[in-house]
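The structure appears right after this line, and notes come after that.
We count ligands from 1, going down the list as the structure has it; atoms in each ligand are counted the same way.
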Amino acid sequence: MSEVKIDLPVDELPKSWYNILPDLPKPLPPPKDPETGHSRLEFLSKVMVKKCLEQEGSDQRWVPIPEELQELYIQAGRPRPLRRARRLEKFLKTPAHLYWKREDLSPTGSHKVNTALAQMFYAREEGREGVCTETGAGQWGTALSYASCLMGLKCVVFWVRNVYDWKVDRRTLMKMYGGEVHASPSNVTETGRSILKENPDHPGSLGIAISEGLEYAGKNEGFAYCLGSVLNHVLMHQTVIGLETIKQFNISGEQPDLLIGCFGGGSNFGGFALPFIGEVLRGKRKCEFLAAQSLSAPNISRGEYRYDFADYAGRTPLLKMYTLGHRVEMPPIFGDGLRYSGASPILSLLRSLGYIRTKIYPVDEKVVFEAARTFLQTEGFLPAPESSYAVRAMMDEALKCKETGEEKVLACNLSGHGFLDIFGYRKVLNL
Ligand SMILES: *Cc1c(COP(=O)(O)O)cnc(C)c1O
């Protein structure tokens, strides 16, 4: 009988990140400049942290995690447990075995800490005064503010206004970590001012917030621009999740048939799945992969696979990815971290080659949040609104197993906890 809780001792913390680039079946189409205008690639090489940019195109399969960073991962609670959801299995009457990885135990409430610490570490190493960034749901801004105070750097956050307005408690937490937080569009940048001039009540979007962050970094020397998802180096930092999970399944004595994650830009999904996908590509393992999305932003499910900008104003290079169009309007949802126009280029390539299945849930979020409630009532922990998409998808797969009688092993990544986002549950579940 496999364990309910599979812990790794501290000395089993991964010592290297996994970089999938050399193992991809086809070369990843590189970022490129648009045919007109200034060079975005040159601009990015100035505002981004150099080490991160270098990692973005690395051909090294294993990239060592600096020792100080390993210590900070341990301080943040790594390695994190893998849990078997026995009560949920019983409730669903499924023959499937259900597992969940506990990224919800992070200090700021999400997996984003894994890359925030790494990016901040390298920003300090190259002598930056601070960093700036965008945030949608607020999890990334919180994680970066947390990492900035541990590294003694400044952190400026542009936060999509319609989320900034209602997530009062998370805003306070960000400020307690020392973050300088602006509602976006803001008066701090030209991009923000020009949008506010046309519409003073503009609700903002992640694409606009990215444009503001990039403009700020361009004009404030000493500030680096950091991104919390989509890019290759971000996914690589996140692979500590999947690398731990591989060790934990080896302890459990069974191997997963299907790995599930919610999908916004792809960082938690990639961090969880890429180490497994790497083994599939190298012929060492059989496993399927499922990304759970909202109909509000079904980028990797229904987007077009083509070159597009990653931000509203077109300040980034063009990335080959599944995209809904960089100026698309997306209906608001409480799982706001899943609302982004483009999908990670690495995961887009793997999707185009048939390695990733997807599932889309309706914009009203009812079935998804009901799944979060079921999970809370059986396993005791409240998933982040985003994570509840992964929980819902795992439950749906478990119910399929109930029909077919298959004893599959399913695992989902619980990318975060929902304690700071209870408002959304109250609204959707009428509590
Ligand atoms: C940011 C976030 C997501 C979505 O972003 P990805 O890059 O797709 O992982 C999902 N869950 C949580 C808890 C988040 O903070």
Whether Y18 and W62 hold their rings parallel, tilted or perpendicular, with breakpoints at 30° and 60°: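 The arrangement is tilted - the two ring planes meet at 30° to 60°.
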Under 3.5 Å, N or O to N or O, is [X] touching ligand 1 that way?
X: G264; value: yes
X: K112; value: yes
X: S387; value: no
X: G265; value: yes
X: L338; value: no

Where on [X] is there a heavy atom closer than 4.0 Å to ligand 1, on the side chain, on the backbone, on both, or on neither?
X: Y340; result: neither
X: S110; result: side chain
X: H111; result: side chain

Test applied, ring pair (Phe, Tyr, Trp, His ring centres under 6.0 Å); reference residue, F263; option that passes from F269, F272, Y361: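 Answer after filtering F269, F272, Y361: F269.
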Candidate list R80, R78, R102, test salt bridge (charged side-chain N to carboxylate O under 4.0 Å, His left out), partner E244, passing option: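 Of R80, R78, R102, salt bridge (charged side-chain N to carboxylate O under 4.0 Å, His left out) with E244 is met by R78 alone.
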[X]: numbered ligand 1 atoms lying under 4.0 Å from its heavy atoms:
X: Q139; value: 13 (C), 15 (O)
X: C262; value: 10 (C), 11 (N)
X: G416; value: 13 (C)

How close does the nearest protein non-hydrogen atom get to [atom], and which residue and atom is it?
atom: atom 7 (O) of ligand 1; result: S229 OG, 2.5 Å
atom: atom 4 (C) of ligand 1; result: G337 O, 3.3 Å
atom: atom 12 (C) of ligand 1; result: S415 OG, 3.4 Å

Sidechain N-carboxylate O distance under 4.0 Å for K51, E54: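 Result for this pair is yes, salt bridge flagged.
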Salt bridge present between R392 and D396 (N-O < 4.0 angstrom):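 Looking at D396 together with R392, the answer is yes, because their closest N to O distance falls below 4.0 Å.
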4.0 Å heavy-atom contact, W140 with ligand 1: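 No, that is not the case, since the closest heavy atom of the residue is not under 4.0 Å from the ligand.
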Check: Y216 ring centroid to F223 ring centroid under 6.0 Å: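 That pair passes the under 6.0 Å test.
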Output field: ring centroids H182/W159 closer than 6.0 Å: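 No, too far apart.
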Side-chain donor-acceptor pair present, Q238, K112, cut-off under 3.5 Å: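 No, no side-chain donor-acceptor pair sits under 3.5 Å.
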Pair Q55-V63, side-chain contact (heavy atoms from CB on, under 4.5 Å): steps then yes or no: CA-CA 9 Å; Q55 291 176 343; V63 175; 4.1 Å; yes
Residue from R351, K359, Q293, R357 passing side-chain hydrogen bond (donor to acceptor under 3.5 Å, both in side chains) with S301: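 Among the candidates, only Q293 passes.
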